[in-house]
Amino acid sequence: MKLYNRGIIIAGIVVFLAAVTFPFWYDRGKTIAPPAIELDTPAIQKLADKRCVEDTAFMRDNHMKLLASWRESVVRKNVHTYTSKDGRVFEMGLTGSCLKCHENKSRFCDRCHDYAGVKPNCWNCHINPEEVL
Amino acid sequence: MNMVFSLLAIVILIFIAMGGAAIAGLKPVFFVVIPCGAFAVFVAGFIHRILSWGRLPVPFSIPTTCGQAKSLPWIKCDYLESPPCTATVIGRMALEVLLFRSLFRNTRLYLYDERPVYSSAKWLWFFALLFHWSLLVIILRHMRFFIEPVAPLINGLAAIDGFFDIAIPTIFLSDAAIVLALTFLFLRRVVVRELRYISLLTDYFAVVLILCVAITGILMRHFFPVDIEEVKTMALGWVTFAPYVPKEMSALFYIHLLFVSVLLAWFPFSKLMHMGGVFLSPTRNMANDSRMSRHFNPWNAPVKVHTYEEYEDEYRDKMKAAGLPLDKE
């Protein structure tokens, strides 16, 4: 059957295809490895028991919620200690606890955050330990 | 009844997704086969629908106008409401597609003193606009999962969308807006008696399905976080043709992904095709130029005519003999 207004219909379909297949063109020929975060900071190497506050799977999914609850606990409730699920006690604080071990922001925090297009607002107040040196 | 069945369809989809989440062996099906298949159906179905519409002839010049047509030079022409040429048609279409101008004209009929009265009704226009623009922003924001490195434009859009920096992770304005708008669009079909009467199963299904996509997304962002690094690696696997099956994912993610897949696969067969169809509405995309150029009906069969010249040639001798006047001697 005849296609009416052939030019404009084909042009429209080309625009549609270009829009929906945009990621295919953008990523063509790339082999993208998931981000590798570096955990071998001097502080971590010194630890006898290389464990974070909670287990890795929990931290991967929930670290932002944990940090938010820490902030609220310290700033609003004046509670400064956190007891993890396995009973260990930590001082709540990004600079005071997290960054003591994970002092390599650019090779730890940023690796995943850049990959996922996330811009956390931690650094509006906290100082990046790499910049202190 | 239609509403109940559409909600039932949603519940069945949730059970399918939860079943998939419970059986680890089905991961490749839910994370590769279904999403990729749905995308293929979406693209092929969309193009098929457009081509099938492109094959339909438009027999008459039928732009619906609501303004002064181009006429004598001292009569002011309403270029956007009665476009006389292609450029003004583009202007009119842009208003229609980007700002839903015809919905803006929506009126409500009610009885006042037993007399019918029309009044302006902008709610539908407002929430429809809010919904569509939010959906666009959300789709563009999701590009962060499909492109590496993430384009600055996408990060910038997310920054504007999360401008108020409320809570951690930041609440996106488009997320709040789309839930609000879809809730309105759904309740409108439930509460208004006349609309409930004419609403079909698919009318409810479209709204509820997109609402469920939005809600599961918000739940994953703010309440039950998932490992988005795994999610992005999987999404990149699709677009680089190197399928990747993520590790443990929550049932919520299965549900979100299945809803999106169903939405994509169903899209070309549903009224959601107005996404492409809006550009092909003859009442909107034709110029009101029927007094300047003739619109030919493509259906017209070739008509065999016998012109006067041919008639005269055929009967010249007889006409001459009878003394009739001739154009050509």
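Letters A, B, ... mirror the listed sequences (proteins, then strands); counts begin at 1. Given the structure is predicted, the values throughout are model-derived calculations rather than measurements.
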Taking side chain as everything from C-beta outward and backbone as N, CA, C, O, which of these in [X] sits under 4.5 Å from a heavy atom of chain A? Side chain, backbone, both or neither.
X	value
B:Phe279	neither
B:Ile147	both
B:Phe145	neither
B:Trp238	backbone
B:Ala159	neither
B:Phe224	neither
B:Leu280	side chain
B:Val226	backbone
B:Asp227	both

Side chain B:Arg144, main chain A:Val118, donor-acceptor under 3.5 Å: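 Such a contact is absent between B:Arg144 side chain and A:Val118 backbone.
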
Is B:Thr64 reaching over with its side chain to a backbone N or O of B:Thr283, donor-acceptor style, under 3.5 angstrom?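 Yes.
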
Exercise: identify the closest heavy-atom pair between B:Glu96 and B:Val278: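 Shortest heavy-atom separation between B:Glu96 and B:Val278 comes out as CG-CG2, 4.5 Å.
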
State, to 0.1 Å, how close B:Met234 and B:Tyr244 come at their nearest heavy-atom pair, and which atoms those are.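 In terms of heavy atoms, the two residues are closest at CG-O, 3.6 Å.
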
Under 4.5 Å from any heavy atom of chain B, what part of [X] do you find: side chain, backbone, both or neither?
X	answer
A:Tyr26	side chain
A:Arg71	side chain
A:Lys30	both
A:Pro120	neither
A:Leu3	both
A:Tyr4	both

Could you check whether atom NZ of A:Lys2 has more than 12 heavy atoms from other residues, nucleotides or ligands sitting under 6.0 Å from it?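 Atom NZ in A:Lys2 is crowded, with more than 12 foreign heavy atoms closer than 6.0 Å.
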
Is it the case that atom CD in A:Glu38 sees more than 12 heavy atoms from other parts of the structure closer than 6.0 Å?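 Counting neighbours around CD of A:Glu38, more than 12 heavy atoms of other residues, nucleotides or ligands fall under 6.0 Å, so yes.
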
Applying the side chain to side chain contact (heavy atoms under 4.5 Å, CB included) test to B:Ile178, which of B:Trp133, B:Phe131, B:Phe172 qualifies?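 For B:Ile178, the side chain to side chain contact (heavy atoms under 4.5 Å, CB included) test succeeds with only one of B:Trp133, B:Phe131, B:Phe172, which is B:Phe131.
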
Contact winner vs chain B - [options], heavy-atom pairs under 4.5 Å:
options	answer
A:Thr21, A:Ile8, A:Asn121	A:Asn121
A:Lys119, A:Lys65, A:Arg28, A:Met64	A:Lys65
A:Ala33, A:Pro35, A:Ala57	A:Pro35
A:Leu67, A:Ile9, A:Ile13	A:Ile13

Any non-hydrogen side-chain atom of [X] less than 4.5 Å from a side-chain atom of [Y]?
X	Y	answer
B:Ile90	B:Thr86	yes
B:Lys232	B:Glu148	yes
B:Asp175	B:Arg141	yes

Taking the ring centre of each residue, are A:Phe24 and B:Phe146 less than 6.0 Å apart?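 No.
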
Atom pair CZ (B:Phe30) and CZ (B:Phe253), whose distance is rounded to the nearest 0.5 Å: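 Answer for the CZ-CZ pair, B:Phe30 versus B:Phe253, is 12.5 Å.
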
Reported OG1-to-CG distance for the pair B:Thr170 and B:Asp161, which is rounded to 0.5 angstrom: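 Nearest 0.5 Å value for the OG1-CG distance: 10.0 Å.
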
State whether B:Glu229 and A:Arg60 are salt-bridged, where the test is any N-O pair (Lys NZ or Arg NE/NH1/NH2 against Asp/Glu carboxylate O) under 4.0 Å.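 Counted as a salt bridge, because a side-chain N and a carboxylate O are separated by less than 4.0 Å.
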
Any side-chain donor near an acceptor of the partner, B:Thr240 and A:Asp27, under 3.5 Å: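 Not at all, the side chains of B:Thr240 and A:Asp27 share no donor-acceptor pair under 3.5 Å.
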
Applying a heavy-atom distance below 4.5 Å, give me the residues of residues 79-114 of chain A that approach chain B, sorted by number.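 Expected list: A:Cys112, A:Asp114.
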
